[in-house]
Participant: 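Sharing a structure, written as structure tokens. Questions coming.
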Protein chains: 2
Amino acid sequence: MSPRNTDVSEQVQALCPLVQVMGDIADKWTIGILVATAHGPIRFTELERAVNGISRRMLTLNLRKLERDGLLTRKVYPTVPPKVEYTATPMAMELYDSLVGMTSWAEKHRAAIAAARASYDAHRAAAAVAS
Amino acid sequence: MSPRNTDVSEQVQALCPLVQVMGDIADKWTIGILVATAHGPIRFTELERAVNGISRRMLTLNLRKLERDGLLTRKVYPTVPPKVEYTATPMAMELYDSLVGMTSWAEKHRAAIAAARASYDAHRAAAAVAS
DNA sequence: CGGGATCCCAGTCGATACTG
DNA sequence: CAGTATCGACTGGGATCCCG
């Protein structure tokens, strides 16, 4: 075995596919990409604009990851200039419903969350002064 | 303006609270913690075991983040030894339904995902040999 | 147009040790 | 028990250049 015991966590990952899968889905960009692709085939540059603030590199990386997981299909049209379309698979469409639930929840409660943060920060600032 | 144009993304973050909120929720550990806390008050060490593979540090960090966002309440019992309970707020309970949807989706499709990965990797390995 | 390859910094994470 | 503090390793992710 490896001298580093870092692989304890690797073993956990191996034993728990759920964590593995969720770790892939529940990442900063994946949700946005999935939501963007769920409305039908979409091109690379369209995605780049659709997913607020993502870089070309991260978009590519995430698209590959999702393609690998079988959530997206990549269709290349050998034209000039090239054209590539990404489409959500049925499996991804199933997930999409839960995703919509999350985003609508976020939209509904974002004001409350902002308020909670402000309150929390104010409280901690006061505590810092008192110290 | 700053010489670096890195802060373009910072501006995007500021303009889009949704991305901000989702970035917090859709992280590797948050989902697990939320699911674990949704079943009633739960103690720190119980959480540590419940959330598969999380380190003590990350647990603390995430708990603070969720508390700040108003999703968790932290109740301290000044006993010896100390006892701290974390409870999901109503807002978090609303989110919980979508979370369950995601995890059950993951559980349902994890085999298909594993197969897709294997197929994808095999395909790429073959392509590498052919090069 | 849709990437791949490389560089590199900043932040994040895990391991470990210490504390009330 | 429930954290905090510190440190080093790793990596996410932007910038940049290039290619079919």
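Numbered from 1 within each chain, the chains take letters A, B, ... in sequence-line order.
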Participant: Could you tell me which non-hydrogen atom of A:Thr89 sits nearest to which non-hydrogen atom of A:Gly70, and how far apart they are?
Facilitator: OG1-O, 2.9 Å
Participant: Listed by chain and number, what are the side chain to side chain donor-acceptor pair (under 3.5 Å) partners of B:Tyr120, not counting sequence neighbours?
Facilitator: none
Participant: What residues in residues 56-80 of chain A put a non-hydrogen atom under 4.0 Å from any atom of DNA chain D?
Facilitator: A:Arg57, A:Met58
Participant: Return the set of residues passing salt bridge (Lys or Arg N to Asp or Glu O under 4.0 Å) with B:Arg117 (not counting sequence neighbours), or none when no residue passes.
Facilitator: A:Asp24, A:Asp69
Participant: Of the residues in residues 35-44 of chain B, which ones touch DNA chain D at a heavy-atom distance under 4.0 Å?
Facilitator: B:Arg43, B:Phe44
Participant: When you compare the protein's N or O atoms with those of nucleotides 18-20 of chain D, which come within less than 3.5 Å of each other, and at what distance?
Facilitator:
none

Participant: Which atom pair, heavy atoms only, marks the closest approach of A:Ala88 to A:Ala38?
Facilitator: CB-CA, 4.3 Å
Participant: From CG of A:Asp24 over to C1' of D:dG12, roughly how many Å is that when rounded to an integer?
Facilitator: 14 Å
Participant: Among residues two or more places apart or on two chains, list those pairs meeting salt bridge (charged side-chain N to carboxylate O under 4.0 Å, His left out) that have a residue in residues 97-109 of chain A.
Facilitator: A:Lys108-B:Glu94
Participant: Can you tell me the distance, in whole Å, between the CD atom of B:Glu46 and the P atom of D:dC1?
Facilitator: 10 Å
Participant: Please name all residues satisfying ring pair (Phe, Tyr, Trp, His ring centres under 6.0 Å) with B:Phe44, sequence neighbours left out, ordered by chain then number.
Facilitator: none
Participant: Can you tell me if the side-chain N/O atoms of B:Thr45 get under 4.0 Å from OP1 or OP2 in D:dA2?
Facilitator: yes
Participant: Taking five pairs at each end, how big is the angle between the two axes of the helix from C:dC1-D:dG20 to C:dG20-D:dC1, to 10°?
Facilitator: 50°
Participant: Indicate the atoms forming the closest heavy-atom contact of A:Ala92 with A:Leu71, along with that distance.
Facilitator: CB-O, 3.3 Å
Participant: Holding to salt bridge (Lys or Arg N to Asp or Glu O under 4.0 Å), I want the full list of residues that pass it with A:Arg74, two or more places apart in sequence or in another chain.
Facilitator: none
Participant: Please give, in whole Å, the distance from D:dG12 P to A:Asp27 CG?
Facilitator: 9 Å
Participant: Please list all pairs passing the salt bridge (charged side-chain N to carboxylate O under 4.0 Å, His left out) test where one or both residues lie in residues 36-57 of chain A, with sequence neighbours left out.
Facilitator: none
Participant: Please name all residues satisfying ring pair (Phe, Tyr, Trp, His ring centres under 6.0 Å) with B:Tyr96, sequence neighbours left out, ordered by chain then number.
Facilitator: B:His39
Participant: May I ask you to decide if A:Met91's main-chain N or O and B:Trp105's side chain share a donor-acceptor pair within less than 3.5 Å?
Facilitator: yes
Participant: I need the minimum non-hydrogen distance between B:Val21 and A:Ala106, along with the two atoms involved.
Facilitator: CG1-CB, 3.9 Å
Participant: Apply side chain to side chain donor-acceptor pair (under 3.5 Å) to A:Thr30 and list each qualifying residue two or more places apart in sequence or on a separate chain.
Facilitator: A:Asp27, A:Lys65
